[in-house]
Each structure stands twice: as C-alpha cells, then as structure tokens.
Amino acid sequence: MANPAAVLPEAMGPVMQLVKAVQSGGDVPAATLGLVHLRTSQINGCSYCVVGGALKGREEGETDERLHAVAAWRETPYFSEAERAALALAEYATRLADRPDAVPDAVWDEAARHYDEKQLAQIVLWIGVSNLFNRLNATTRQPAGATW
C-alpha cells in the first residue's frame with residue numbers, strides 16, 4: 001500500500017502542523033529530539049524512520065558514535081544525563097503495554113529533573129508524533145529510503 005498520507009493527503013497538513021508546533025514549541029535541543037525519534041523508531045521497527053532519522057542526524061552534525069549507540073544508550077558514554085532522561089522517557093512511552101505502570105514515577109521524575117513543563121510537553125508530543133509516523137510506515141511496510 002502507498003503511504004496512508006499519500007492516499008489521504010488532506011490528513012498530512014494537520015499532521016505537519018503538529019510537527020511544526022512541536023519542533024518550535026520549546027527549547028529542547030533538536031539533537032535530543034532527533035535521538036528520541038531515532039530510538040522510538042528503532043523500538044517500533046520502522047526502517048523508514050530509522051534510516052531517515054540517522055541520515056538527518058548526520059546532516060545536522062551528530063557523530064556516528066552517537067547514532068550507532070542510540071539502541072544501547074545505557075551502556076555508552078556518549079549521552080548527557082538530560083539526553084538519557086529523554087531516551088528513557090521515549091522508551092517507556094513507546095512501550096506502554098509492556099508493564100502495568102507504563103511510565104514509572106522514577107522515569108518521569110528524572111526527566112522532570114532535566115526539563116521544565118514546556119520542554120516535557122515538547123518531548124512527550126515528539127514521542128507521540130514519532131510513534132504516529134512509525135505506525136503509518138511500519139504497518140504499510142514503507143521501505144527505508146522511499147519517498148512519498
């Protein structure tokens with residue numbers, strides 16, 4: 001199937017408005033949002049977003065070490081405490097059904113230690129947007145590198 005956004009193009013405008021609002025709605029570093037998107041996409045098995053996220057990260061100055069290590073961020077020295085908190089939040093918010101307490105207080109509290117309410121809103125919305133794109137692309141098997 002073609003990408004659902006191509007089949008129903010009137011849906012893409014509002015989705016892109018949400019993307020723009022989230023990207024401009026706070027001051028979370030773009031690099032952190034990129035890492036969150038990449039990690040969410042890895043979890044969801046969205047090849048389109050994993051490849052696209054890694055390529056965009058590289059274009060924006062991310063190092064190969066960080067891009068390659070996102071899946072193992074806990075065991076690598078490449079990420080700040082704030083980035084680690086955002087990545088943990090992304091993992092828990094993406095895997096909601098894996099545990100009864102979807103996002104444990106300790107995970108939320110650590111994120112809140114590094115980000116204010118507006119920044120947390122930006123991160124949570126970005127996790128949601130990333131999951132939306134992952135579900136559209138993975139469900140319809142959009143291949144990495146494809147164009148809409």
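Quantities reported herein were computed from a predicted structural model and do not represent experimental measurements.
- The backbone N or O of S80 lies less than 3.5 Å from a partner atom in the side chain of E83, making a donor-acceptor pair.
- Side-chain atoms of T63 and Y78, non-hydrogen and from C-beta on, never get closer than 4.5 Å to each other.
- Note that CG of L89 and NE2 of H114 are 11.5 Å apart. Values are rounded to the nearest 0.5 Å.
- Cluster annotation: V103 and L87 are assigned to distinct hydrophobic clusters (Ile/Leu/Val/Met/Phe/Trp/Tyr, side-chain heavy-atom contacts under 4.5 Å, transitive).
- Contacts of E91 classified as side-chain hydrogen bond (donor to acceptor under 3.5 Å, both in side chains), with partners at least two apart in sequence or in another chain: R39, W73, R74.
- When all heavy atoms are compared, the tightest approach of M12 to A5 is CE-CB, 3.4 Å.
- When side chains are defined from C-beta on, V129 does not count as touching H37, because their heavy atoms never get closer than 4.5 Å.
- For the pair Q42 (side chain) and T40 (backbone), a donor-acceptor distance under 3.5 Å is absent.
- Scanning for salt bridge (Lys or Arg N to Asp or Glu O under 4.0 Å) contacts around D98 gives R95, with sequence neighbours left out.
- Under the side-chain hydrogen bond (donor to acceptor under 3.5 Å, both in side chains) criterion, E10 pairs with no residue, sequence neighbours left out.
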Decide side-chain contact (heavy atoms from CB on, under 4.5 Å) for V28 and K118; before the verdict, give the C-alpha distance in whole Å, the side-chain angles of both, and the deciding distance to 0.1 Å.
CA-CA 9 Å; V28 175; K118 189 172 184 179; over 6 Å; no
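- Considering only residues two or more places apart in sequence or on other chains, T76 meets the side-chain hydrogen bond (donor to acceptor under 3.5 Å, both in side chains) condition with none of them.
- Rounding to the nearest 0.5 Å places CD1 of I127 at 14.0 Å from CG of L132.
- Residues meeting the side-chain hydrogen bond (donor to acceptor under 3.5 Å, both in side chains) test with R99, sequence neighbours left out: none.
- Between A11 and P14, the closest heavy-atom pair is O-CD, 3.3 Å.
- The nearest pair of heavy atoms linking R135 to N44 is NH1-ND2, 3.2 Å.
- Transitive grouping of hydrophobic side chains (ILVMFWY, heavy atoms separated by less than 4.5 Å) keeps V50 and L136 in distinct clusters.
- For the pair D27 and Q122, the tightest heavy-atom approach, listed with the atom from each and the gap, is N-OE1, 3.4 Å.
- Here the side chains of Y48 and N134 are not in contact, with every heavy-atom distance at 4.5 Å or above.
- No side-chain heavy atom of T32 sits less than 4.5 Å from a side-chain heavy atom of F79.
- Looking at Q23 and W126, their side chains come closer than 4.5 Å, going by heavy atoms from C-beta outward.
- Of the residues L120, V22, V19, the one that meets the side chain to side chain contact (heavy atoms under 4.5 Å, CB included) test with L125 is V22.
- The pair R84-E110 does not count as a salt bridge, with every side-chain nitrogen at least 4.0 angstrom from each carboxylate oxygen.
- L38 and I123 are members of different hydrophobic clusters when ILVMFWY side chains are connected at heavy-atom separations under 4.5 Å.
- No path of Ile, Leu, Val, Met, Phe, Trp and Tyr side chains, each step under 4.5 Å between heavy atoms, connects Y92 with V70, placing them in separate hydrophobic clusters.
- The heavy-atom pair separating D101 from P104 by the smallest distance is OD2-CA, 3.3 Å.
- Annotation for G45 and A138: closest pair O-CB, 4.4 Å, computed over non-hydrogen atoms.
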Show the atom names and distances, to 0.1 Å, of all donor-acceptor pairs under 3.5 Å that link a side chain in residues 51-62 to residues at least two apart or in another chain.
{"from": "R58", "atom 1": "NE", "to": "D64", "atom 2": "OD1", "distance (Å)": "3.2"}
{"from": "R58", "atom 1": "NH2", "to": "D64", "atom 2": "OD1", "distance (Å)": "2.7"}
{"from": "E62", "atom 1": "OE1", "to": "R66", "atom 2": "NE", "distance (Å)": "2.6"}
{"from": "E62", "atom 1": "OE2", "to": "R66", "atom 2": "NH2", "distance (Å)": "3.0"}

